[in-house]
Number of protein chains: 2
Amino acid sequence: MTPTRLDHDALSDALQAAGLRPTAQRLAVYDQLAAMDQHPTAEQVFRAVRPRLPRISLATVYKALEALVAVGAVDRLGAESAAGPARYDARGDRHYHFRCLRTGAIHDLPVQYDPKLIERLDPALADDLRSRGFQVTGYRLELLGYQDDGRDA
Amino acid sequence: MTPTRLDHDALSDALQAAGLRPTAQRLAVYDQLAAMDQHPTAEQVFRAVRPRLPRISLATVYKALEALVAVGAVDRLGAESAAGPARYDARGDRHYHFRCLRTGAIHDLPVQYDPKLIERLDPALADDLRSRGFQVTGYRLELLGYQDDGRDA
DNA sequence: ATCGATGCAAAGCGTTTGCAGGGGT
DNA sequence: ACCCCTGCAAACGCTTTGCATCGAT
């Protein structure tokens, strides 16, 4: 389940290819995110990188995450329950998630990603949508439910 | 694709069964939501019910939607892109969504819902998760992409 | 008479933005 | 020298909350 993690060179290249600079903050935010097993919130990433970069600000973490999302190194998972923060995923390979409706915590599922799942659901769907002006770029599948108390929140 | 819509009696019963009163505001919010073909934001519902209930407040719409979600008459679809409002769905039968990553608009997909999709993906998954302390209550499948400009936003 | 629901205003929270200063190329 | 990025603080948008009043039982 550990996703393919980009090393600094690969990530730097990806950032530069998008006209963005591979700053220490961006690399550190990515490293930290990739090292955390849960999918953390921006705040959690902020607290986790602070020891390495004591002067980093929360706003910079947000901006760094935005840059990483822009180059496709990170996925942003919007909050489901209201008033909850978004979660971030240093995605390597694509995968599915389980989402706890109480805490908002997100876990990876130990199931292989199926690139043809939509096609399998309905072979005509993508074409159908395209002809109606919708461009499909991907899909997201989440299990919803609750996890026992006491664990990671 | 038109979902089974609850009439006032059924909705009133559902609310009362949960210890909630079937107020005019709640019924109107539900009716309005069910009558809208897109999945609107709370603000959009608010503006749409105003003609019928000129004195209703946005806070009451939020509270009404919360009550409707609590009794299972409405689904709340969290914002995907940041800084966007949540959308609400007067769900009848379960279905899948297409989500526009630019505008946040959500459309129903003309595909039948598959209750056994997860089981089909991996028959052992649900049991596996259960044994690890995760209780699965459902799943959500969304196509992601972009819709041409000019339409409903 | 009770008890929940409403409507208003204000607070709350996560996130973004404006801007002066700093650092890499 | 340039331009992007940072960090701070303030603003922002969406949602919730506190509270007095209202309305239905």
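Values below: all heavy atoms of this structure, side chains included; hydrogens, waters and symmetry mates excluded. Every chain is numbered from 1, with letters handed out A, B, ... down the list of sequences. Owing to the predicted nature of the structure, the values given are computational and were not obtained by experimental measurement.
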Run the ring pair (Phe, Tyr, Trp, His ring centres under 6.0 Å) test against Y30(B) and tell me which residues pass, sequence neighbours left out.
none
For nucleotides 2-5 of chain D, tabulate all protein N/O to nucleotide N/O atom pairs closer than 3.5 Å, reporting atom names and distance.
residue, atom, partner, partner atom, Å
dC3(D), O2, R21(A), NH2, 3.4
dC4(D), O4', R21(A), NH2, 3.1
dC4(D), O2, R21(A), NH1, 3.2
dC5(D), OP1, R21(A), N, 3.1
dC5(D), OP1, R26(A), NH1, 2.8
dC5(D), OP1, R26(A), NH2, 3.4

Just how far, in rounded Å, is C1' of dC13(C) from CD of E43(A)?
11 Å
Residues two or more places apart in sequence or in another chain: which of them pass salt bridge (charged side-chain N to carboxylate O under 4.0 Å, His left out) with D13(A)?
none
Distance check needed: dA10(D) P versus L58(A) CG, whole Å only.
16 Å
Stretch residues 63-74 of chain A: residues that reach within less than 4.0 Å of DNA chain C through a heavy atom:
K63(A)
Calculate the interatomic distance between Y62(B) atom OH and dG13(D) atom P; express it in whole Å.
13 Å
Listed by chain and number, what are the salt bridge (charged side-chain N to carboxylate O under 4.0 Å, His left out) partners of E119(A), not counting sequence neighbours?
none
Scan for salt bridge (charged side-chain N to carboxylate O under 4.0 Å, His left out) pairs involving residues 32-48 of chain B, sequence neighbours excluded, and state none if there are none.
E43(B)-R47(B)
I56(B) CD1 to dT21(D) P: how many Å, rounded?
21 Å
Among residues at least two apart in sequence or on other chains, which ones pass salt bridge (charged side-chain N to carboxylate O under 4.0 Å, His left out) with R130(A)?
D127(A)
Is there a donor-acceptor pair closer than 3.5 Å between any side-chain N or O of S12(B) and the backbone N or O of H8(B)?
yes
For residues 59-69 of chain B, which residue pairs qualify under salt bridge (charged side-chain N to carboxylate O under 4.0 Å, His left out), counting only residues two or more places apart or in two chains?
none
Using ring pair (Phe, Tyr, Trp, His ring centres under 6.0 Å) as the criterion, list what pairs up with Y113(A), not counting sequence neighbours.
Y96(A), Y139(A)
Test ring pair (Phe, Tyr, Trp, His ring centres under 6.0 Å) applied to Y62(A) - qualifying residues, sequence neighbours left out
none
R76(A) side chain near dT15(C) phosphate (N/O to OP1/OP2, under 4.0 Å):
yes
Salt bridge (charged side-chain N to carboxylate O under 4.0 Å, His left out) with D75(B): which residues, sequence neighbours excluded?
R91(B), R140(B)
Heavy-atom contacts under 4.0 Å between residues 46-55 of chain A and DNA chain C, which residues?
none
Look at the side-chain heavy atoms of Ile, Leu, Val, Met, Phe, Trp and Tyr, link any pair under 4.5 Å apart, and say whether L65(B) and L101(A) land in one connected group.
no
